[in-house]
Amino acid sequence: MNVLVINAGSSSLKYQLVNVETQEVLAKGICERVGSAEAFHKHGIDDNELVIDEPMEDHNAAMAVVLEALTSGPNKAIDSLDDIDAIGHRVVQGGKYFDRSVVIDDDVIAKIDELAELAPLHNKAALMGIEACRTQMPGKPMVAVFDTSFFQSIPPKAYMYPLPYELYEKYAIRKYGAHGTSHRYISERAAAFMDEPIEDLKLITCHLGNGCSISAIDHGVAVDTSMGLTPLDGLMMGTRCGAIDPAIVPFIMEKEGLSTQEVNDLMNRKSGLLGISGISNDLRSVKEASEAGDERAQLAYEMYSNSAKKYIGQYIAVMGGVDAIVLTAGVGENCEKMRRMIFAGLQPLGIKIDPEKNKLRGHEREISTDDSAVRIVVIPTNEEYMIARDTYQLVKEGSLEVSELA
Ligand code: AMP
């Protein structure tokens, strides 16, 4: 079955066409700056990628460009739209309504729209992607896969904020988490890699990239995660500050005369690695600068690793132990030095990274020493495959089965 996976942002449309049975990616690409005069389309895999300037006034126009590229031209992947069996949409906020992926109907669309209050840019963008698919491919089955649904199992003691209870009742202010599809994928894959049933494992999953989140997964069930009402909470990230003393917000608003929009922008786009180093949000550049002796870059690097270390400690306490720590995303998968720093000093907790194995590159691998009580595993994430698999299961088999991944 071929599933078209759509990840629509406010001015972008990212896609992959996946054959679920073989896990082969048949085509992928992205339309960027949709709605502006500088819109362009990248389509193709690795060296075959083509970049074409294309006018795209909205997501519907972008979808038409995508479908044209999939079915014709030099990087064509299929003969006709009949070769797309179903469509899987990434949706950021599923709120309290969705604890799993669902087939999209009018009621689901209405709920995604209602939840846009909690993720205005993201949910509205997903709806634009859904509408564009409905217009271009009427009748094609569609599934919504939510970033938050994996975390609906978190208990109230972890998802509530100690604010007046009425705020929860009035505005549904609570922790929802994010990156759920990635945490679900790497936890399932880690269990398969370790050849242990996920129901027997206490896992801490670390998605460390430009965005960062860490989750506690107790016997296959998410019990806590670092992102909150929004993806600003938790760890220090590329440009996001993560958790800070909340009193800082009114303080800087008053001192700097900032509006809510401006202070939000400061915390989301000007903080994190970029804010501290003053150099970049990209860890590679910060690492280079720190190794060249830049003190602020060194500080930023140390803060990033310390922030991850602290969440790992918290979640060991939350679960009363851990069997394996799983790493993914740009930094988690690739940065030997950051991994070394995160696990430095954790030997008393039975966590020992193997310096030689830590140098290995490649696919799924273990980087802890043979005598480490806690295993450390690197699993490259694959959110698109997870979305395609949920879509396949709901459309072809009529139900979602949490089975071991192929
Ligand atoms: P992601 O958001 O998952 O795409 O991850 C992006 C982050 O991963 C950026 O901060 C990159 O600098 C970082 N990254 C990717 N490859 C490496 C690498 N080999 N060493 C250090 N950081 C890396």
Side-chain angles (χ1 to χ4, degrees), residues 5 7 9 12 14 16 25 28-30 32 42 46 49 90 92 122 147 177-187 189 205-215 225-227 231-242 268-292 294 296-309 311 326-344 353 355 357-365 367 376-387:
V5 176
N7 182 354
S12 68
K14 211 168 155 186
Q16 262 193 26
V25 176
K28 66 177 182 179
I30 185 166
E32 290 195 62
K42 285 189 204 166
D46 301 332
E49 187 176 81
R90 173 185 179 224
V92 164
H122 293 108
D147 271 14
H179 289 153
T181 311
S182 176
H183 288 276
R184 184 157 63 104
Y185 177 81
I186 64 168
S187 59
R189 271 310 314 160
T205 49
C206 310
H207 181 112
L208 304 176
N210 196 31
C212 301
S213 58
I214 296 190
S215 302
T225 192
S226 60
M227 282 179 166
L232 180 58
D233 199 4
L235 288 96
M236 169 179 177
M237 312 184 208
T239 59
R240 282 172 264 176
C241 58
N268 276 290
R269 295 184 211 279
K270 298 179 184 158
S271 299
L273 288 173
L274 174 66
I276 294 295
S277 70
I279 290 171
S280 174
N281 64 307
D282 192 288
L283 190 80
R284 277 168 295 201
S285 310
V286 174
K287 180 167 169 270
E288 251 169 54
S290 81
E291 285 166 358
D294 186 290
R296 275 174 55 186
Q298 272 166 14
L299 174 63
Y301 203 88
E302 282 175 16
M303 286 172 69
Y304 187 102
S305 73
N306 199 43
S307 158
K309 194 193 288 277
Y311 273 93
V326 191
L327 300 159
T328 199
V331 176
E333 289 170 34
N334 301 304
C335 190
E336 180 195 333
K337 181 172 175 181
M338 183 56 77
R339 289 192 299 248
R340 184 159 28 88
M341 286 176 62
I342 291 172
F343 295 110
I353 190 164
K357 289 190 203 161
N358 189 31
K359 288 187 188 141
L360 297 175
R361 306 212 136 249
H363 200 56
E364 297 176 348
R365 59 201 189 272
I367 58 168
I376 308 172
V377 178
V378 178
I379 304 278
T381 196
N382 194 345
E383 290 160 279
E384 289 80 11
Y385 172 68
M386 206 66 189
I387 294 171

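Numbering of ligands and ligand atoms starts at 1, following listing order.
Every atom of ligand 1 is numbered from 1 in the order shown, and the set under 4.0 Å from a heavy atom of Val331 is 7 (C), 8 (O), 13 (C). Residue Asn210 has at least one heavy-atom neighbour below 4.0 Å for each of these atoms of ligand 1: 1 (P), 2 (O), 5 (O), 6 (C), 7 (C). Close approach of ligand 1 to Ala329 is summarised as follows: ligand atoms under 4.0 Å from at least one heavy atom of the residue are 3 (O).
Summary of contacts: the protein heavy atom closest to atom 22 (N) of ligand 1 is Arg284 CG, 3.6 Å. Among protein heavy atoms, the minimum distance from atom 19 (N) of ligand 1 is reached at Asn334 CB, 3.4 Å. Among protein heavy atoms, the minimum distance from atom 12 (O) of ligand 1 is reached at Asp282 OD1, 2.5 Å. In terms of protein heavy-atom proximity, atom 10 (O) of ligand 1 is nearest to Leu283 N, 2.9 Å. At the shortest separation from atom 14 (N) of ligand 1 among protein heavy atoms lies Gly330 O, 3.6 Å.
In this structure, Lys337 forms a cation-pi arrangement with Tyr301, its terminal cationic atom sitting closer than 6.0 Å to the ring centre and no more than 45° off the ring axis.
The existence of a salt bridge linking Arg189 and Glu364 is confirmed by a sub-4.0 Å separation between a basic side-chain nitrogen and an acidic carboxylate oxygen. Salt bridge status for Arg296 with Asp294: absent, with no side-chain N to carboxylate O gap under 4.0 Å.
Relative ring orientation between His207 and His183 is described as tilted, the plane-to-plane angle lying within the 30° to 60° band.
Note that the CZ atom of Arg90 and the NZ atom of Lys14 stand 8.0 Å from one another [nearest 0.5 Å]. Here the CD-NZ distance, from Glu49 to Lys28, works out to 8.0 Å after rounding to the nearest 0.5 Å.
Ser182 places no side-chain N or O within 3.5 Å of a backbone atom of His179 that could act as its donor or acceptor partner.
Distances from atom 4 (O) of ligand 1 to the protein include no heavy-atom value under 4.0 Å.
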